[in-house]
Amino acid sequence: MDYKIKGYEPAALFRNFEDFSAVPRGSFHNEKASAFLVKFAKDHGLEVLQDKALNVIIKKPGQNGGENKPPVILQGHIDMVCEKVHGCDHDFENEGIDMVVTEDGWLTASGTTLGGDDGIADATMMTLLEDPSLSHPPLECVFTTDEEVGLLGAAALDYSALDGRLMINLDSEDEGVATVSCAGGMDYILTRAVTAETLPGETVSIAVKGLLGGHSGTDIDLGHTNADKLIARAVLKALDDPDARLVSFLGGTKGNAIPREAEAVLWFPTSEKAEAAAALWKTLGEAFVHEIHALEPDIDVTVGRTTTDGAQVLSREDTEAVISAIVLSPNGVKQRDPLMDDFIITSLNLGIVSVSGGSAVLNFAPRSSVDSLMEAVTDELALTAKTFGFETEVSGAYPGWEKVEGSVLCETMKQSYRELFGEELKVEGIHAGLECGLFYANLPGLDPVSIGPTMRGVHTPDEKMDLASCEKFYRLVVDVLAKLAE
């Protein structure tokens with residue numbers, strides 16, 4: 001294999017990252033990556049467990065003084081969010097990631113997400129497991145599946161296989177920061193059956209692309225525009241024409257990603273009405289660009305027209321109900337804590353809109369570290385559903401994780417960071433779901449801390465990882481394990 005990451009240490013870490021990234025591992029397609037890890041364990045003579053959810057646990061005895069110390073859990077997830085730029089023909093199910101190292105030391109991918117989230121965790125554990133020179137307690141390395149689609153692997157894990165009560169989660173995105181609490185969340189889905197009939201006439205489409213998008217938890221406060229909400233504004237204005245009816249509305253691809261692209265198609269009975277709608281949308285498109293170009297410099301709004309002998313057209317009643325629900329549904333930051341630097345407590349993201357054929361589906365990702373505020377948000381969604389004739393479904397719910405007071409692991413990390421780098425390790429909570437919440441709920445007395453290298457643009461094709469920060473991150477893990485082996 002022709003490795004692209006050169007000149008960074010430890011070389012084994014980056015070799016393992018490239019090897020693992022060559023294996024397709026999108027969410028719901030964990031088979032190849034899980035088998036890769038099982039083979040890795042067997043090749044190194046390590047105990048390995050693989051369950052029906054394709055989670056993998058690899059255990060290694062303590063060594064170089066840590067043989068009789070309590071075991072430590074290390075954990076990350078196998079799967080990655082598969083996003084690509086418009087026009088990219090990358091096949092995530094059969095192709096590995098095409099990496100690019102930039103001149104300023106960042107690792108990115110050609111036209112796709114990189115998968116640093118959370119491939120760097122998998123590579124870190126592989127590197128620790130294969131190195132006989134390190135000093136560490138017994139290691140229980142847990143590689144979970146389908147984290148990006150609701151923490152499904154962690155929810156299915158048999159926790160009785162784990163003895164450790166100190167846990168280093170390797171799924172954070174800022175080097176020099178230790179995360180000690182996280183928000184809980186769920187997928188909240190609104191579904192409405194719609195009726196359609198075939199009618200001749202003209203259709204007008206409006207599409208937006210080029211938005212920044214981002215992670216629906218960690219990026220929700222950055223002001224990135226939600227493509228679904230933006231296009232719904234345009235459709236609502238066009239519905240001033242009483243003959244306008246919806247043909248389709250498609251936006252977003254992941255419930256936990258802020259939508260970067262969306263498109264809606266409206267039907268009109270005459271060319272005059274279609275022409276008026278197209279003119280309206282062109283004006284609105286210019287207004288949208290003016291509103292948000294400072295934060296969304298690559299926004300692109302396009303309007304098109306098509307004459308058709310037969311389009312599948314929703315009823316006016318369904319059209320109004322669907323668009324009203326999208327426009328009025330809550331979205332974005334809902335609650336902050338002014339006593340913690342405005343730390344986000346509660347938010348939600350309208351991640352996917354799919355309206356075509358016989359159904360309309362709105363997929364939301366609410367998050368909160370306070371149960372009562374999560375209930376308040378889901379009550380708003382339930383009321384929206386009731387008002388506009390939608391059914392509701394909740395799936396993939398996962399718990400939050402409260403800070404462990406007097407954390408031994410956190411104090412050890414702070415000491416290691418200070419000694420290694422002459423700086424203080426920042427300690428904070430995160431407004432995103434981490435698998436720590438499920439581990440914390442299932443392992444009484446668990447002391448978890450999450451760390452990671454610096455990554456930006458996670459869940460988007462702009463994802464990049466700072467290679468120098470990976471070095472510091474790995475050194476910290478190694479030093480913490482050495483201290484726990486003393």
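Throughout, numbering of the chain's residues begins at 1 and tracks the sequence.
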Query raised in the report: Do you see a donor-acceptor pair shorter than 3.5 Å between the side chains of S368 and T346?
Result: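 On atom types as modelled, these side chains qualify, holding a pair under 3.5 Å.
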**Report entry** Any side-chain donor near an acceptor of the partner, T108 and E463, under 3.5 Å
**Finding:** no
Which residue pairs pass the side chain to side chain donor-acceptor pair (under 3.5 Å) test when at least one of the two sits in [range], sequence neighbours left out?
range: residues 282-300; answer: R233-E291
range: residues 376-395; answer: K334-E380
range: residues 446-461; answer: D117-H459, E148-H459, N169-S450, S172-S450, D174-R456, S407-D447
range: residues 209-225; answer: S216-R367

Contact between [X] and [Y] at the side-chain level, heavy atoms closer than 4.5 Å - yes or no?
X: I451; Y: T179; value: no
X: C82; Y: T112; value: no
X: V142; Y: I73; value: yes
X: K229; Y: S329; value: yes
X: V204; Y: V265; value: no
X: T124; Y: L13; value: yes

Report summary line: Residues at least two apart in sequence or cross-chain that pass salt bridge (Lys or Arg N to Asp or Glu O under 4.0 Å) with E424, listed by chain then number, are R418
Report summary line: The residue among T145, D79, N55, D146 that forms side chain to side chain donor-acceptor pair (under 3.5 Å) with N30 is D146
Check the surroundings of atom [atom1] in [X]: do more than 12 heavy atoms from other residues, nucleotides or ligands lie under 6.0 Å from it?
X: K403; atom1: NZ; answer: no
X: D371; atom1: CG; answer: no
X: D91; atom1: CG; answer: yes
X: K84; atom1: NZ; answer: yes
X: E31; atom1: CD; answer: yes
X: D89; atom1: CG; answer: no

Query raised in the report: Yes or no on side-chain contact (heavy atoms from CB on, under 4.5 Å) for L107 and F17, after CA distance, side-chain angles and deciding distance?
Result: CA-CA 11 Å; L107 183 68; F17 181 75; 3.5 Å; yes
Are [X] and [Y] close enough for a salt bridge, meaning some N to O gap below 4.0 Å?
X: E93; Y: K32; value: no
X: E275; Y: K273; value: no
X: K464; Y: D104; value: no

Query - Rounded distance (nearest 0.5 Å) linking atom CZ of F473 with atom CD of E471 - result: 12.5 Å
Requested in this report: List for me each residue that meets side chain to side chain donor-acceptor pair (under 3.5 Å) alongside E435, sequence neighbours excluded, and say none if there are none.
Outcome: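 Partners of E435 by the side chain to side chain donor-acceptor pair (under 3.5 Å) criterion, ordered by chain and then number, come out as Q75, T144.
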**Report entry** Candidates I292, N226, L295 - the one meeting side-chain contact (heavy atoms from CB on, under 4.5 Å) with L211
**Finding:**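 Of the listed residues I292, N226, L295, the side-chain contact (heavy atoms from CB on, under 4.5 Å) partner of L211 is I292.
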Query raised in the report: Does the ring-ring contact (aromatic ring centres under 6.0 Å, His included) test come out yes or no for F14 and Y3, once each step is laid out?
Result: CA-CA 9 Å; F14 298 106; Y3 295 102; over 10 Å; no
**Report entry** Closest heavy-atom pair and its distance - D228, L350
**Finding:** OD2-O, 3.4 Å
